[in-house]
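Down below is the structure, laid out as structure tokens.
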Amino acid sequence: MEGFALQHQHGKAKVRVGRLWRGATSQEHRFVEWNVSVSITSFVLPAFTDGDNSKIVATDSIKNTIYYLAKQCTEELSLEDFGVVVGQHFLRTYPKIVTGAKVILSQKPWERVVVDGVEHNHGFKLGSGKHTAEVIIGSNGCVKVTSGITDLSLLKTTQSGFEKFVRDQFTILPDTDERMLASTITGVWSYSGKPANYQRSWEAVKKVLMDTFFGSPPTGVYSPSVQHTLYQMAKAVLVRFPEIENIHLNMPNIHFLPVNLPTVGVKFENDVFLPTDEPHGSIEAKLSRMEIFQCKL
Ligand SMILES: O=c1[nH]c(=O)c2[nH]c(=O)[nH]c2[nH]1
């Protein structure tokens, strides 16, 4: 091809879908709001090189297919399972054209409202922490699923410090064993095997992440750094869920700056803060299971 190599894909990005399941017998409505992006790899090189569109599945058709498949899913299903349905559709419908599909999804955190301790049949409010997923399907039908969470904003007002770090001529920050700890967490984890229920699994992972960040309600748990807390959170997930093979956590350290007003005699006593968004500490890590190599003697 004219001495060049071209890698290409096409699809539709950010297709917004609301899906309501009304329940045949109960009054209880189930509702999700999804954002779906599909990207397919296919034999459409002539479209790029020669203007021959004859093998292009139109991105408009891809968008319409997403709505069609949402309609076909008459039973409630998880974000991940819908991603698999969408990806497999294109490979199965066009086996001679489509060689792979990548589906990136997110779910708005609508959650059922509870009124006076009773779950509402059809009332929802926005919660925190957005469920994300990515499904990659190869030409051999092999499916790779990752799940994730974004915008999980957590804050604790004590049981956090940062001490004994490198000191040089640029160091102003004092050691402290008493500070706020706040982060807006993004996490992505991959499954080696399919969990019984992706949505239940996602909720359980979110709970483990939060419980580990905060520690027990009365006393909490001391965090000597964001790094250490991140590691504890990631480790707790891998220990608790054998079907998860790795987890990547991004935990910006969102600073609450001490307010001192010396001219009027106001001294910071961990009471009045200046909340900030930027700049923030940028701390991320991926924890994976070690592969165990067995020697044959
Ligand atoms: O938990 C922290 N980790 C750091 O690496 C760091 N750096 C910094 O200035 N404050 C903090 N806090």
Side-chain angles (χ1 to χ4, degrees), residues 106 109 127-132 146-190 202-241 244-290:
S106 67
S128 71
K130 193 190 277 184
H131 185 162
T132 60
T146 57
S147 298
I149 190 163
T150 59
D151 302 325
L152 180 65
S153 291
L154 306 181
L155 176 153
K156 59 182 193 171
T157 51
T158 186
Q159 286 286 49
S160 163
F162 187 59
E163 298 175 274
K164 299 187 179 128
F165 46 89
V166 173
R167 297 218 152 260
D168 60 19
Q169 69 271 37
F170 303 111
T171 308
I172 300 167
L173 192 70
D175 278 9
T176 182
D177 61 2
E178 181 61 58
R179 67 172 185 175
M180 299 267 253
L181 183 59
S183 188
T184 297
I185 297 165
T186 304
V188 176
W189 53 94
S190 349
W202 183 86
E203 284 159 16
V205 171
K206 179 183 177 190
K207 177 167 166 36
V208 167
L209 290 172
M210 291 176 63
D211 289 354
T212 313
F213 179 90
F214 291 121
S216 67
T219 54
V221 60
Y222 184 71
S223 164
S225 64
V226 174
Q227 284 86 338
H228 185 71
T229 297
L230 183 157
Y231 179 70
Q232 294 300 323
M233 292 163 71
K235 190 170 75 171
V237 169
L238 293 194
V239 167
R240 169 77 176 69
F241 305 97
I244 295 180
E245 57 185 13
N246 59 58
I247 178 163
H248 179 277
L249 292 177
N250 184 324
M251 291 182 52
N253 185 13
I254 295 172
H255 306 300
F256 282 72
L257 305 180
V259 171
N260 285 293
L261 300 171
T263 51
V264 286
V266 169
K267 189 170 175 301
F268 178 68
E269 292 169 317
N270 274 298
D271 46 3
V272 180
F273 301 85
L274 169 61
T276 65
D277 299 316
E278 300 170 347
H280 57 72
S282 173
I283 293 151
E284 59 185 307
K286 179 176 179 179
L287 186 67
S288 310
R289 291 182 196 284
M290 293 278 275

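Ligands are counted one by one from 1 in listed order, and the atoms in each one are counted from 1 as well.
- Below 30°, between 30° and 60°, or above 60°: for His131 and Trp202 the angle between ring planes is below 30°, a parallel geometry.
- A donor-acceptor pair shorter than 3.5 Å can be found between the side chains of Thr158 and Glu178.
- Atom CZ of Phe165 is surrounded by more than 12 heavy atoms from other residues, nucleotides or ligands within 6.0 Å.
- The immediate protein surroundings of ligand 1, defined as residues with any heavy atom under 4.0 Å of it, consist of Phe162, Leu173, Arg179, Ser225, Val226, Gln227, Asn253, Ile283.
- Within a 6.0 Å sphere centred on CG of Asp175, heavy atoms belonging to other residues, nucleotides or ligands number more than 12.
- Judged by distance alone, the side chains of Ser153 and Thr184 do bring a donor and an acceptor atom under 3.5 Å apart.
- Within a 6.0 Å radius of OH in Tyr231, no more than 12 heavy atoms belonging to other residues, nucleotides or ligands are found.
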